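The structure presented is a predicted model; accordingly, all values stated were derived computationally and were not measured. Below, chain A is the first sequence line, B the second, and so on; all start at residue 1.
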2 protein chains.
Amino acid sequence: MNPDKRRRLEARGWKFMTVKEFLGLTDEEAAYVELRLKLADGLWARRTARGISQTALAKTIESSQSRVAKMEAGDPSVSLDLLVRSLLALGTSNRELARIITAR
Amino acid sequence: MNPDKRRRLEARGWKFMTVKEFLGLTDEEAAYVELRLKLADGLWARRTARGISQTALAKTIESSQSRVAKMEAGDPSVSLDLLVRSLLALGTSNRELARIITAR
DNA sequence: TGCCTATATGTCAGCCCTGACATAGACTCG
DNA sequence: CGAGTCTATGTCAGGGCTGACATATAGGCA
């Protein structure tokens, strides 16, 4: 958000919080959610870099296009398991996986 | 295995294979299994380093002692999700998580 | 010896995640 | 315009993972 706009809104009594604060997450929960989002972004990056469609990826991991879309969207209904297995199916090495996790 | 013993056994017609070969796993599946084992080992290492029991850890993650034992044993009935969440509950940072993953 | 703690292993009802399907929007190309 | 592709989103029955429980083994201590 624009700093000026934020200042003006705060002057009028608005409060700003992080997603973590808003949802009342513990540190571990926040770290978990963050991790999922990083993997989701990493999956999208890897897939598009390879130039393959969600449907094509879905076939290689024996899933469906809709589930791939949910994965990349960070949908809560998708497990870490499936995210990681999808990344591995795209040929992601342990080192690359580690880089995705530590990305900021 | 002792190289001499192996040579003697091979001379008698025994064949040796990796777990991956034996189970007929694809590269991705093998990587997935390996990853789980690394996380399992990492969990055990972190827990014992903190000097807490499986029961104590189970309480903090709202699970049970038996499930923690299965986790550390690399039991197939345990999801990556639970493994990672347990590690995070032990205060494992992203960087440490990455180190566990890339450990050999 | 008996008691306590820690860990391993098996089982199971119930819930969460699964793939599949339907549908809609955005975009490209005839 | 219409047809095709790609992606997003909602729904659902069924299967996999869950916590809980029971039980066994091992080690420490009195």
Going only through I, L, V, M, F, W and Y residues with side-chain contacts under 4.5 Å, is there a path from A:L83 to A:W44?
no

Interatomic distance where CG belongs to A:L82 and P belongs to C:dA20 [whole Å]:
12 Å

Nearest-Å distance for atom pair CH2/C1', residues A:W44 and D:dC6
13 Å

Taken to the nearest whole Å, CD/B:E62 to C1'/C:dC16 is 16 Å

Roughly how many Å is it from CZ in A:R85 to P in C:dC17, rounded to a whole number?
13 Å

Can you measure A:L57 atom CG to D:dA8 atom P for me and round it to whole angstrom units?
13 Å

Nearest whole Å is fine: how far is C:dG25 P from A:Q54 CD?
18 Å

Compare every heavy atom of A:R46 with every heavy atom of A:L87, then report the nearest pair and how far apart it is.
CD2-CD, 4.2 Å

Any residue in residues 63-81 of chain A with a heavy atom nearer than 4.0 angstrom to DNA chain C? Just list them by number, or reply none.
A:S63, A:S64, A:S66, A:R67, A:S77, A:V78, A:S79

Positive for side-chain contact (heavy atoms from CB on, under 4.5 Å) with A:Y32, one of A:L80, A:D27, A:T26, A:L37:
A:L80

Whole-Å gap separating P (C:dG19) and NZ (A:K59)
15 Å

Measure CG/B:L83 against C1'/D:dC17 and give the value in whole Å, please.
12 Å

How long is the gap from CD on B:E28 to OG1 on A:T92, to the nearest 0.5 Å?
10.0 Å

Counting N and O atoms only, with roles assigned by atom type, does the side chain of A:R36 sit under 3.5 Å from a partner on the main chain of A:D75, one being a donor and the other an acceptor?
yes

Do you reckon A:I52 sits in the same ILVMFWY cluster as A:L82, going by side-chain contacts under 4.5 Å, direct or chained?
yes

